[in-house]
Amino acid sequence: MSEAKKLQAHPDRLFPAEANARAAAREIYAGVKDLPIISPHGHVPIQWLTYDIPFSDPTSLLITPDHYVNRMMHANGVPLSELGVGVPAGSMSEADNRRAFKHLCSHWKDYYGTPVRFWLESELVEIFGITTVPSAETSDAIYDQINAALATDAYRPRALWDRFKIEFIATTDDPCDSLDDHVKLANDPAWKGRAVPTFRPDRYLEPARADWVSLVGDLGRVADVDTGSYDGYVEAMRLRRLYFKERGAVSTDHSHVDAGTLRLDLSEARRIYADALRGQASPEECHALQRHLLNDQARLAVEDGLVMTLHPAVVRNHHQPTFEKYGADVGADIPMSVEFARGLQPMLNDYGTAEGFHLVVFTMDETVYSRELAPLAGFYPSVYVGAPWWFIDEADAISRFRRSVTGAAGFTRTSGFIDDTRAYLSIPARHDMSRRLDCGYLGNLVAEHRLTLDEAVDVAYDLVVTQPKKVFKL
Amino acid sequence: MSEAKKLQAHPDRLFPAEANARAAAREIYAGVKDLPIISPHGHVPIQWLTYDIPFSDPTSLLITPDHYVNRMMHANGVPLSELGVGVPAGSMSEADNRRAFKHLCSHWKDYYGTPVRFWLESELVEIFGITTVPSAETSDAIYDQINAALATDAYRPRALWDRFKIEFIATTDDPCDSLDDHVKLANDPAWKGRAVPTFRPDRYLEPARADWVSLVGDLGRVADVDTGSYDGYVEAMRLRRLYFKERGAVSTDHSHVDAGTLRLDLSEARRIYADALRGQASPEECHALQRHLLNDQARLAVEDGLVMTLHPAVVRNHHQPTFEKYGADVGADIPMSVEFARGLQPMLNDYGTAEGFHLVVFTMDETVYSRELAPLAGFYPSVYVGAPWWFIDEADAISRFRRSVTGAAGFTRTSGFIDDTRAYLSIPARHDMSRRLDCGYLGNLVAEHRLTLDEAVDVAYDLVVTQPKKVFKL
Amino acid sequence: MSEAKKLQAHPDRLFPAEANARAAAREIYAGVKDLPIISPHGHVPIQWLTYDIPFSDPTSLLITPDHYVNRMMHANGVPLSELGVGVPAGSMSEADNRRAFKHLCSHWKDYYGTPVRFWLESELVEIFGITTVPSAETSDAIYDQINAALATDAYRPRALWDRFKIEFIATTDDPCDSLDDHVKLANDPAWKGRAVPTFRPDRYLEPARADWVSLVGDLGRVADVDTGSYDGYVEAMRLRRLYFKERGAVSTDHSHVDAGTLRLDLSEARRIYADALRGQASPEECHALQRHLLNDQARLAVEDGLVMTLHPAVVRNHHQPTFEKYGADVGADIPMSVEFARGLQPMLNDYGTAEGFHLVVFTMDETVYSRELAPLAGFYPSVYVGAPWWFIDEADAISRFRRSVTGAAGFTRTSGFIDDTRAYLSIPARHDMSRRLDCGYLGNLVAEHRLTLDEAVDVAYDLVVTQPKKVFKL
């Protein structure tokens with residue numbers, strides 16, 4: 001085998017190739033490169049921070065929980081089980097972990113041009129000081145180097161929090177969650193950060209689910225309200241939102257099959273709710289009630305001030321056999337087309353100009369950026385265009401995002417970057433990618449004399465600091 | 001406060017950053033920069049020209065009538081009423097106007113990256129000689145400078161017409177309009193320009209409207225035909241189109257909820273029409289009749305030679321409370337997805353290859369450019385792809401437009417630029433933006449050796465002169 | 001008239017303008033420029049190769065069979081009949097051919113910015129050594145020069161095959177075709193190439209067609225199976241696929257109105273099939289059966305190993321009068337929007353992870369690249385994103401393709417280039433365009449430090465050689 005190739009994270013990576021745009025991008029980036037990370041939506045387990053749990057090994061840290069990493073290997077022939085997916089926690093031997101890690105390194109080429117390449121490259125170089133390109137041959141050495149680092153205190157979650165300059169993070173949590181670990185963390189005198197819960201009630205809004213009656217019962221129990229009636233359900237929701245807010249939550253998060261909203265007559269809502277509890281509501285009625293209940297979250301948001309985020313239109317668990325074998329969230333969700341202009345109209349007619357209401361809309365269907373989302377955000381004081389995430393959280397799509405929404409929404413109607421990740425070590429790389437690409441977009445505007453350099457520097461700061469703080473009321 | 005920043009309209013603005021492409025763009029642009037403006041579709045009030053009415057103040061000129069400007073401030077928290085929207089004409093005091101203008105200047109940053117920034121920058125620098133960047137601090141001085149200019153004859157509509165080198169303009173008019181002001185203008189010996197009406201019959205084609213029966217009655221009265229029957233309606237339409245044509249009109253303009261067309265049997269059309277007049281047609285029948293009537297406009301177009309323009313698929317007055325308070329056309333229209341391939345098929349089967357028929361199709365749903373519009377225009381001799389307008393009349397979308405349609409439609413199947421505006425002072429800036437971006441696109445083709453510089457220079461001229469003249473039969 | 005302008009095929013054409021990206025693109029391209037052509041899907045008549053039939057004249061070679069060329073002239077006013085379309089073979093006089101060729105040369109400008117311009121320029125310069133730009137004035141001389149070349153042995157199909165360095169080509173064939181000419185060619189000791197059939201059963205899967213009963217009867221006869229029952233039909237399909245496979249076929253090709261698939265109960269499939277044969281199945285049942293039969297092709301593919309390619313969602317013969325006068329495939333097909341995520345779900349649930357199953361999905365609706373196809377191909381081991389073809393087989397769309405799919409699918413989940421053409425002489429130019437654009441995309445990645453030059457060189461080779469061989473099992 002030839003000498004192992006040197007792994008590099010080039011200082012100019014992701015900047016525009018053209019010299020003037022790049023020079024501007026570099027200067028703009030210098031102003032935001034080292035700013036703290038604000039992460040208003042993500043999936044990091046709060047326990048990592050509360051208990052500062054050391055990471056056990058490279059595989060369970062970098063591979064198993066990251067469906068971006070796993071899905072590509074799966075597509076290229078690696079069984080998910082060999083990556084630790086669906087395997088009982090702790091049952092992977094060191095040999096298993098090494099094999100999984102070798103799979104990743106052997107499949108390095110499959111990630112060319114994908115964001116995983118950028119993230120992992122940044123993580124390996126900047127967090128672990130790895131200097132060789134991953135390959136079957138270099139896999140064990142890289143594994144060892146990471147493993148050794150993880151054994152040190154410098155690589156425990158809280159130490160990394162400081163190293164990553166994280167200022168704010170939000171987790172995603174079930175309405176029935178006690179949030180004890182959040183409270184414990186917040187009350188820990190040794191903890192100086194801010195890590196808050198997010199209210200994610202999707203399942204409780206979907207009467208067509210087989211487990212809805214049971215969920216609604218749980219909701220009533222934790223809220224100490226009888227959810228046997230619609231009015232009780234609404235009160236329980238109100239109380240649980242407040243419970244979350246009192247424990248630091250700033251937002252609620254919602255994902256249904258589409259973006260439809262509507263306002264049922266109260267009597268109709270009560271009737272369908274009652275029928276749904278008895279399993280006697282039709283699919284159409286269940287769908288109508290879900291749309292009404294989503295709309296009602298906006299009503300509650302106007303009342304309690306929590307920011308509402310929306311990201312509809314994904315086929316969850318697209319491959320049934322994989323779902324049955326490995327469960328949800330293993331990379332088999334597939335986006336579909338979405339419609340916002342008419343879907344959100346009922347809700348925006350009710351609350352679109354309500355004082356203090358904030359609605360951040362995410363999409364993976366890029367066609368709505370210029371067609372619907374930028375026009376909506378460019379009119380409604382409540383609407384913000386959410387940053388591209390999930391499948392479109394990658395260099396080319398992020399660039400398209402700015403080129404699609406800025407014309408009709410400018411910069412002040414966008415959310416700021418959202419990392420949406422459970423891959424803790426990728427957080428700095430994800431924010432860095434976003435900063436680099438936004439600076440590249442701004443650098444291009446400068447090079448095309450659409451903004452002055454001063455203005456671009458100002459905007460870049462806003463995108464990293466002002467916008468997320470304003471939009472998420474931090 | 002620091003010294004006011006200098007406002008600039010850079011000579012290279014909007015050109016590609018890359019040196020070879022920019023050099024080519026500059027050279028191509030030199031050939032079209034000063035060519036007269038041809039504006040085949042817009043919304044300038046004809047009275048401004050007929051009576052050469054002086055503009056009264058900066059706010060009612062630059063802010064109140066321009067929903068692009070207002071909607072962004074509304075999104076960022078400024079009440080529309082403070083911008084003069086929905087306020088009775090003449091009721092804004094000078095203090096009100098100054099406050100509105102200060103809102104605009106204070107919100108300058110919200111327009112970064114939007115076309116409003118480009119238009120206003122160009123207008124302020126090139127029309128008014130403003131040299132400071134708008135801000136709360138500079139607002140009054142800028143207001144004063146514009147106000148002083150507006151008091152001079154050089155800033156009256158006809159003087160600006162000459163200064164702007166406008167060769168042709170079309171207004172948008174109701175079929176029942178007498179067009180007296182158009183005739184008066186055309187007969188004014190002091191007037192050397194060409195400003196013609198456009199036939200815009202949307203409302204008369206929509207039997208589901210509450211006011212349709214009344215509208216159809218009006219149509220009959222002005223046409224002096226009994227529209228109590230379908231045949232009378234058709235004859236009235238025919239006559240009013242001719243009435244417009246005799247008064248200079250070159251085109252008719254159509255916007256419905258979708259692009260559907262169909263051909264009903266005559267007996268069926270008569271029956272539904274009669275039922276609709278009695279308020280007894282079903283929603284489905286009304287929709288079918290609208291699609292039939294739109295198709296029938298194409299039949300009439302083949303007969304009288306008026307060019308047909310189409311721009312469907314917008315949710316009008318998306319926010320009902322705003323509509324109730326401020327009325328239509330205040331920036332609350334939101335685009336939606338559109339389908340042309342099957343929708344236009346019945347009409348194109350009837351008239352797609354008819355001698356002299358011209359159909360210009362506009363969209364705000366960019367997805368149809370490469371998928372449907374360019375393929376249609378690349379086959380049917382009647383179909384032309386309309387320039388991007390309204391929400392997508394901005395730098396990045398205009399660039400996408402050429403990159404989306406040229407492959408399947410080339411340049412000769414596109415409409416030439418359409419400004420579609422009621423903001424009279426923005427007309428030169430809008431055409432200039434289009435010219436710069438087309439030259440930039442062409443400059444890129446030259447730099448990538450896809451066209452020679454000679455060919456690109458030739459195409460640029462065609463896009464500014466040949467295409468609009470050919471497509472709109474000027 | 002001025003001196004005829006010099007026709008050039010610039011060595012850097014289609015490369016990025018920016019210097020660093022271009023330098024990288026050049027270097028990457030040097031590695032793939034002269035590699036053999038692998039063409040896994042196209043429409044070249046096998047007889048040209050089997051009998052090495054000389055091409056008779058420039059018009060019937062370059063114009064008549066190429067709907068890309070004809071449709072644009074038709075849009076610009078040239079009757080299709082004057083281009084030889086719909087005219088009985090051999091009935092065009094030399095004067096007719098010259099006139100058609102003059103049409104093309106006179107309309108040269110209509111092709112600016114289109115792929116036809118690139119292809120013809122490359123063909124004229126590189127295959128025929130033409131040095132003047134086509135125009136009305138130069139038309140006859142160019143015609144003469146091509147005509148003279150065609151009379152020589154060097155321009156017969158097999159000589160051109162060698163000159164073009166074609167390694168593999170697939171034709172497209174009816175399931176009832178005997179494939180005798182394929183067999184004869186394969187058995188010709190003088191023939192060293194590989195030209196194989198493709199199984200294209202669309203019509204046999206569409207029970208709603210007026211000629212379906214007759215088609216199914218034909219299928220039974222050639223397969224020697226009674227297709228009077230569903231089971232017989234399935235067996236006939238199985239046998240004909242094997243018949244094709246034994247004669248070299250590597251893939252089957254499928255195009256229906258949408259991408260819907262489903263699995264009917266066997267009893268239901270049998271019942272609908274029987275009803276359809278008697279003309280008593282409803283349109284809904286026919287549609288369901290078609291979706292089931294398409295799904296069943298996947299089942300057969302898992303069994304026999306033939307690669308399945310899919311390209312749904314085109315309005316065929318959009319203009320009925322043209323269809324009646326000139327027949328199908330004359331440039332009047334118009335793409336429409338398509339949905340894959342839910343449409344393919346039943347089939348992918350059945351066979352998405354089946355050993356050896358390969359499904360290549362093509363689209364002309366670009367919106368699905370980032371939204372559905374890249375996510376599907378980035379999870380399912382069976383799914384590959386097909387290269388852009390037909391209307392979007394042009395420079396800007398090809399560039400968009402890579403920028404849309406690479407983020408979620410990388411390079412290893414894409415098909416490699418597909419020329420899909422019956423224009424034999426355009427094959428090298430089409431593959432060259434693809435190579436140039438892929439190298440340009442890679443050159444940009446290098447210039448933006450997203451890939452190293454070594455990695456990019458490696459990927460370019462894979463896209464030209466490794467991917468098509470792997471995906472199509474060559």
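The model shown is predicted, which means the values in this text are computed figures rather than measured ones. Letters go in sequence order (proteins before strands), and every chain restarts at 1.
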Checklist entry - Do the side chains of A/Ser404 and B/Arg400 get nearer than 4.5 Å, heavy atoms only? => result yes
Next on the checklist: Looking at every non-hydrogen atom in both residues, tell me the closest pair between A/Asn349 and B/His318 and how far apart they are.
Outcome noted: ND2-O, 3.0 Å
Item to check | Flag side-chain contact, heavy atom, 4.5 Å: A/Thr452 against B/Gln8 | outcome: no
Item to check | Shortest non-hydrogen separation from A/Asn444 to B/Ala17 and the atoms involved | outcome: OD1-CB, 4.3 Å
Checklist outcome for this item: Answer key: most heavy-atom pairs under 4.5 Å with chain A among B/Pro321, B/Pro16, B/Pro335 is B/Pro335
Checklist entry - What heavy-atom pair brings B/Phe391 and A/Ala408 nearest, and what distance separates the two atoms? => result CD2-CB, 4.2 Å
Checklist entry - Is any residue of residues 114-126 of chain B within less than 4.5 Å of chain A by heavy atoms, and which ones? => result B/Thr114, B/Pro115, B/Arg117
Checklist entry - Can you name the residues of residues 457-474 of chain A that have some heavy atom under 4.5 Å away from a heavy atom in chain B? => result A/Asp458, A/Val459, A/Asp462
Checklist entry - Which heavy atom of B/Tyr112 sits nearest a heavy atom of A/Thr406, and at what distance? => result O-CG2, 3.9 Å
Next on the checklist: Need one label for B/Thr322: side chain, backbone, both or neither, based on atoms under 4.5 Å from any heavy atom in chain A.
Outcome noted: side chain
Item to check | Largest heavy-atom contact set with chain B, pairs under 4.5 Å, which of A/Gly410, A/Ser382, A/Ala21, A/Gly407 | outcome: A/Gly407
Next on the checklist: In terms of relative ring orientation, are B/His74 and A/Phe379 parallel, tilted or perpendicular, with 30° and 60° separating the classes?
Outcome noted: parallel
Checklist entry - chain A heavy atoms under 4.5 Å from B/Gln320: which part of the residue, side chain, backbone, both or neither? => result both
Item to check | Value rounded to 0.5 Å, distance of CZ in B/Arg13 from CG in A/Leu445 | outcome: 14.5 Å
Item to check | Option in A/Ala447, A/Pro375, A/Ala456 with maximal non-hydrogen atom pairs under 4.5 Å from chain B | outcome: A/Pro375
Item to check | Nearest-0.5 Å distance, NE2 of residue A/His449 to CZ of residue B/Arg22 | outcome: 4.5 Å
Checklist entry - Do the side chains of B/Leu14 and A/Arg450 get nearer than 4.5 Å, heavy atoms only? => result yes
Next on the checklist: If you count every heavy atom of other residues, nucleotides or ligands that lies below 6.0 Å from B/Glu324 atom CD, does the total exceed 12?
Outcome noted: yes
Checklist entry - Do the side chains of A/Arg413 and B/Asn76 get nearer than 4.5 Å, heavy atoms only? => result yes
Checklist entry - Where does B/Met364 contact chain A at under 4.5 Å (heavy atoms): side chain, backbone, both or neither? => result backbone
Checklist entry - How long is the gap from CG on B/Leu437 to CD on A/Glu448, to the nearest 0.5 Å? => result 8.5 Å
Checklist entry - Of all heavy-atom pairs between A/Ala341 and B/Ile334, which one has the smallest distance, and what is that distance? => result CB-CG2, 3.8 Å
Item to check | Part of A/Ala409 within contact of chain B (heavy atom distance under 4.5 Å) | outcome: backbone
Checklist entry - Can you tell if the side chain of A/Arg371 reaches within under 4.5 Å of the side chain of B/Thr367, non-hydrogen atoms only? => result yes
Next on the checklist: Ignoring hydrogens, what is the shortest heavy-atom contact between A/Ser370 and B/Ile392? Give both atom names and the distance.
Outcome noted: OG-CG2, 4.5 Å
